[in-house]
Amino acid sequence: MATHFISLDAISAREFEDLLAVATYLKKRRAQGISEHALAGRNLAMIFEKPSLRTRLSFEVAMSELGGRSLYVRGEEVGMNSREPARDVARVLGRYVQGIMARVFHHQTVVDLARHSGVPVINGLCDRHHPCQALADFLTIREHFGTSAGLRVVFIGDANNVCRSLAQACIHSGSRFVLACPLGYGFTEADKKELGSAWGEQVTEVNDCAKAAAGAHVLYTDVWTSMGQEAERDRRLKAFQGYQISEELLARALPECRIMHCLPAHRGEEITDGAVEHPRSIIFDQAENRLHAQKAVLRLLLADDAAKVISAARS
Ligand code: CP
Ligand code: NVA
C-alpha cells in the first residue's frame, strides 16, 4: 500500500481494489459485532481548515472503532503557513502521532505535510481532491450495482475536488465518467494532463445535462460553490442555472440509475428535494460508507498487518 492517501492518481488500481475489499470486510465485521484493535495505542491528528460533519465524525468513529484515538484541531489554531510553515507543523506532529488527516485550502499543504511529517498523511479534502469521498462512493456503487465496470457515471457541476477524485476512481474501476458543466467550468489543461490517456476516452465533458444523462447509471452532483469559493457565489449561481439533478433529469437516465451527492446538499440549487428523497437516491448510503471506506484507509496505512487484512478481505 502507498504511504499516503492524498489523491487517487497517486495509488494504483490494485491498491484501490484492496481498499474497497478491506472496507467491505470491515463493514461486514462491524455488522457482526466484531471489535477491532489494530490501531490500539495509535493516534491520528486531524487538522480542519474548513468545516465538516461527515469527514470529521466518520474519522473519529473509525479511529475509535479500530482501537485508536483521534485528535481534532482547527486550522485557525494551528495556523499552517501563517503562524508557522506547514513543514514545521508536519515535523512536530510526526513526533507525536502515527498519522495525520488534513482538510485544507491548498493541495500543496497536504503535500508538504506528507513530505515532512514522516508519518502517513490522508487528504480529507483540498481544493483539488477528495479521495476519501470517491472511495466511499465506489464502495456504494459496487454495493448497488454489484460491479462498476462499464457503468456511465455522470457528474453535474463543475470540475471541482469531488469531480476530479470521482473521475480518477472511474479510471481505476473501468467506469465511464462524463462531466456536464457550463462553459468555463470544466477540466483545466492541468486536469487533462493528470487524467492522461483517459481524457477524451473514458473521461469526457459536455455542456448539456440532458445529453449527459441519457444512458446514465449514476447521476452525481455537488454544490455549485465549494468551500473557499464564497466570493464567486453570485456569479456561480447564475452560471449553473439548470445544472441540477431533478426527477425530470432522472427520467432521461437508465431505469436503474441511482442519484448520488457527497453532501452537504443545497436543495433547489444543484439538486431538487424530490431527487434527494427519491427511492433511487443512495445519498445516505454514501454518507454511511465514508466510515467504512476510511476505516480501510486507516487500517492499511497505520496498522502493521496490512498484507494480512488484505488477504483476509480478498479470501
Ligand atoms: N462530504 C463531505 O466531505 O462532508 P463534510 O464536508 O461534512 O465532511
Ligand atoms: N466541493 C465541496 C465538497 C464538500 C464536501 C467543497 O469543497 O466545498
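Every number for a ligand or one of its atoms is a count from 1 in the order of the listing.
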N/O separation below 3.5 Å, Ser226 to ligand 2
yes
Side-chain donor-acceptor contact under 3.5 Å, Thr109 with Asp112
no
According to side-chain hydrogen bond (donor to acceptor under 3.5 Å, both in side chains), does anything in residues 91-100 pair up with another residue at least two apart or in another chain? List the pairs.
Asp88-Arg91
Proximal ligand 2 atoms for Leu263, defined as those under 4.0 Å from one of its heavy atoms
5 (C)
Within the 4.0 Å heavy-atom cut-off, what Leu125 brings close to ligand 2 is side chain
Is it true that a side-chain atom of Glu232 and a backbone atom of Thr225 form a donor plus acceptor pair closer than 3.5 Å?
no
Output for ligand 1, non-hydrogen cut-off under 4.0 Å, lists Ser52, Leu53, Arg54, Thr55, Arg103, His130, Gln133, Cys262, Leu263, Arg290
Check for a donor-acceptor pair, side chain of Thr221 on one end and backbone N or O of Ile156 on the other, with a separation under 3.5 Å.
yes
Atom 7 (O) of ligand 2: which protein heavy atom is closest, and how many Å away?
Asn161 ND2, 2.9 Å
Can you sort out the partners of Tyr25 under ring-ring contact (aromatic ring centres under 6.0 Å, His included), two or more places apart, ordered by chain and number?
none
Heavy-atom nearest neighbour in the protein, as seen from atom 3 (C) of ligand 2, with distance rounded to 0.1 Å
Asp222 OD2, 3.6 Å
Side-chain (Arg42) to main-chain (Gly68) donor-acceptor, under 3.5 angstrom:
no
Flag, side chain of Thr147 to backbone of Ala149, donor-acceptor distance under 3.5 Å:
yes
Considering heavy atoms of the protein only, find what lies nearest to atom 8 (O) of ligand 2 and give residue, atom and distance to 0.1 Å.
Met227 N, 2.8 Å
Centres of the Tyr243 and Tyr185 rings: under 6.0 Å?
no
With Gln244 via side chain to side chain contact (heavy atoms under 4.5 Å, CB included) - residues at least two apart:
Ser246, Thr272
